[in-house]
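Notes to accompany the following structure.
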Amino acid sequence: MEIPQAVEKIIDTLEAGGFEAYAVGGCVRDTLLGREPEDWDITTSARPEQVKKLFRRTVDTGIQHGTVTVLENHRGYEVTTYRIDGEYEDGRHPKNVEFTASLTEDLKRRDFTINAMAYSKKTGIVDEFGGMEDLKRGVIRCVGKAQERFTEDALRILRAIRFSAQLGFEIEEQTLEAVRQIAPNLVHVSKERIQVELTKLLKSPHPERMSLVFAAGIAPFVSAHFADAGDPGREHAANWLSAEFAPEKYVRWAAFLRDLDEKEGERILKELKADNDTISRVRLLAAYWKCPLEADKYQLRCAMSRMSGEMFDCLLGFRLAAGTDSRKKWEELSAMTEEIRRDGDCISLKTLAVTGNDLIAAGMKPGREIGLRLGEMFEEVLRHPEHNTKEYLLRF
Ligand code: ATP
Ligand code: MG
């Protein structure tokens with residue numbers, strides 16, 4: 001297995017200090033799958049204060065949980081002491097954590113077999129729960145008894161579905177059964193954390209797995225109105241929610257919520273504490289994704305004048321993925337959009353050849369009237385871009 005030099009160096013340093021150390025969790029899983037890991041985590045028998053002594057640059061990220069970030073080549077690597085999670089008190093957080101000298105104990109607390117493997121050059125892959133086998137077979141399975149693991153921490157329920165969507169894996173039978181049983185505990189999980197998991201699910205190569213959230217009876221516990229969105233697998237055509245949609249967060253959320261009216265969709269996003277930028281982009285897509293749009297330059301300029309160029313391109317792609325426009329139509333619309341841009345047609349008040357000051361200089365009184373006149377001129381120019389000159393518009 002290939003691991004980055006910086007990670008190897010950190011592990012070497014810990015070993016030279018007399019401790020055990022391994023790359024662990026998601027990074028091992030992703031490397032074995034040939035995916036690029038987002039971050040590299042290291043697990044070690046060294047206590048946080050011992051880790052800090054061995055490295056020049058460290059940050060106390062979560063000392064009470066045993067985590068120190070080691071900076072190496074301007075990147076941070078989380079180094080966490082082997083630990084056992086104490087009793088869980090609220091269906092989400094362990095009351096306390098306990099350090100341990102045993103790698104096996106540390107691996108045991110991890111959620112799924114594929115996330116519970118460790119690796120070092122010295123020892124090779126440590127796989128005590130059949131993670132390798134599950135990776136090969138494409139299975140998400142809890143470490144230990146699924147019911148207990150989900151009862152400890154209900155976020156794992158959504159993580160199971162999210163990993164199944166990201167990796168295209170099936171959820172093993174008993175794990176899936178426990179997902180169904182423990183789903184009501186999701187009310188203990190913060191909305192932000194739920195949203196992060198659902199966003200990862202939607203952005204994955206299998207956004208259609210959102211239907212599992214409904215099929216497994218989780219939807220009513222996600223947020224007050226989440227279930228209104230409807231099961232994308234049952235209530236819609238087979239590819240209603242697919243990877244055809246661009247993988248941006250707001251595109252996938254808009255795709256998922258597109259059957260609701262704008263207000264309802266926005267309410268769900270607010271319940272899940274989505275950020276304002278996402279909400280406003282989803283609102284825009286919701287407003288325009290199925291409105292009539294012909295391959296007509298005036299219509300296109302009007303639509304383009306209502307949003308950024310980026311969002312307009314996004315809208316065209318969205319309509320194609322949603323089946324609003326055929327591919328042929330999308331090609332026509334895209335080509336026309338390109339022409340409008342190439343010709344520099346005025347699609348914004350900012351590039352109108354006449355400004356409020358021009359009208360005042362021409363003798364108009366400052367006030368509401370000016371805005372109305374400018375609006376009329378803009379409308380004229382959207383129809384006839386060649387009329388966007390000062391001479392023409394002032395006469396107009
Ligand atoms: P990704 O980074 O792609 O979201 P990951 O598997 O790396 O996936 P992280 O949240 O970064 O997930 O966590 C790193 C590791 O910590 C996991 O692989 C798993 O071993 C463990 N872990 C994370 N969250 C939990 C949890 N809620 N319960 C048990 N173990 C967890
Ligand atoms: Mg990770």
Side-chain angles (χ1 to χ4, degrees), residues 3-4 7 22-44 61-62 65-67 69 75-95 97-98 100 103-119 125-132 134-135 139-169 175 178-179 182 185-186 188-190 192-206 247 249:
I3 63 175
V7 176
Y22 299 86
V24 71
C27 60
V28 176
R29 174 201 69 218
D30 287 343
T31 306
L32 289 170
L33 286 172
R35 290 158 49 102
E36 180 77 24
E38 268 185 43
D39 36 41
W40 287 81
D41 297 321
I42 292 149
T43 188
T44 179
T61 321
H65 297 109
T67 303
T69 297
R75 255 193 82 165
Y77 298 87
E78 288 195 354
V79 177
T80 305
T81 306
Y82 293 166
R83 64 174 213 225
I84 304 172
D85 291 337
E87 223 176 286
Y88 284 74
E89 50 188 350
D90 56 358
R92 177 70 192 104
H93 301 100
K95 238 188 270 180
V97 304
E98 198 184 306
T100 166
L103 171 64
T104 304
E105 287 298 322
D106 181 84
L107 295 177
K108 227 191 250 174
R109 74 172 169 89
R110 295 173 185 273
D111 47 7
F112 307 111
T113 59
I114 58 169
N115 288 348
M117 291 183 279
Y119 172 85
I125 290 172
V126 181
D127 172 21
E128 310 214 359
F129 307 101
M132 204 61 137
D134 286 342
L135 265 192
V139 170
I140 311 287
R141 177 202 311 272
C142 281
V143 173
K145 294 215 176 76
Q147 267 198 39
E148 286 171 18
R149 305 312 310 283
F150 291 147
T151 306
E152 286 170 357
D153 176 2
L155 184 68
R156 292 172 188 157
I157 293 171
L158 286 180
R159 281 173 61 89
I161 297 175
R162 181 260 281 196
F163 285 121
S164 105
Q166 286 180 322
L167 307 174
F169 281 19
T175 300
V179 162
I182 314 299
N185 284 18
L186 264 176
H188 301 303
V189 179
S190 82
E192 287 88 346
R193 297 298 298 267
I194 291 180
Q195 191 251 115
V196 167
E197 291 303 323
L198 293 178
T199 297
K200 286 183 178 178
L201 192 177
L202 284 171
K203 288 177 69 175
S204 76
H206 296 283
K249 174 178 181 176

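Keep in mind the model is a prediction, meaning the values are calculated, not measured. In each ligand, atom 1 is the first atom listed, and ligand 1 is the first ligand listed.
Closest heavy-atom approach to atom 7 (O) of ligand 1 among the candidates Gly26, Cys27, Ala116: Gly26. Taking all heavy atoms of Arg159, Arg162, Glu197, Arg29 into account, the minimum distance to atom 17 (C) of ligand 1 is reached by Arg159.
Taking distance alone, with nitrogen or oxygen atoms compared against 3.5 Å, Gln166 stays at or beyond that limit from ligand 1. The shortest N/O to N/O separation between Glu38 and ligand 1 does not fall below 3.5 Å. In terms of polar-atom proximity, defined here as any N/O pair under 3.5 Å, Asp30 makes no such contact with ligand 1.
Distances shorter than 4.0 angstrom occur between a heavy atom of Phe163 and an atom of ligand 1. Judged by the shortest distance from any of its heavy atoms, Asp41 lies inside the 4.0 Å radius around the atoms of ligand 1. Residue contacts with ligand 1 leave out Arg149, since none of its heavy atoms falls under 4.0 Å from the ligand.
A distance of 11.5 Å separates OH of Tyr77 from OG1 of Thr69, quoted to the nearest 0.5 Å. The OG1 atom of Thr199 sits 11.0 Å away from the CZ atom of Arg162 when rounded to the nearest 0.5 Å.
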Query raised in the report: Under the side chain to side chain contact (heavy atoms under 4.5 Å, CB included) criterion, do Val24 and Ile42 qualify, and how do the steps go?
Result: CA-CA 6 Å; Val24 71; Ile42 292 149; over 6 Å; no
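Between Val126 and Tyr22, the closest side-chain pair of non-hydrogen atoms falls below 4.5 Å. Asp41 is not listed as a side-chain neighbour of Thr80, based on a closest heavy-atom distance of 4.5 Å or more.
Shown in contact with Lys200 at under 4.0 Å from a heavy atom are these atoms of ligand 1, numbered in order with element: 4 (O). Residue Gly25 approaches ligand 1 through these ligand atoms, each under 4.0 Å from one of its heavy atoms: 18 (O). Atom numbering of ligand 1 starts at 1 in the shown order; those under 4.0 Å from a heavy atom of Arg156 are 26 (C), 27 (N), 28 (N), 29 (C).
Contacts of Asp111 with ligand 1, taken as heavy-atom pairs under 4.0 Å, involve both backbone and side chain.
In summary, Glu38 places no N/O/S atom under 2.8 Å from the Mg ion (ligand 2), failing the contact criterion.
With hydrogens and angles left out, the side-chain atoms of Glu78 and Thr67 include no donor and acceptor closer than 3.5 Å. Using modelled atom types, one finds a donor on one side chain and an acceptor on the other under 3.5 Å when comparing Arg29 with Asn115.
Asp39 has its closest N, O or S atom to the Mg ion (ligand 2) at the position named OD1.
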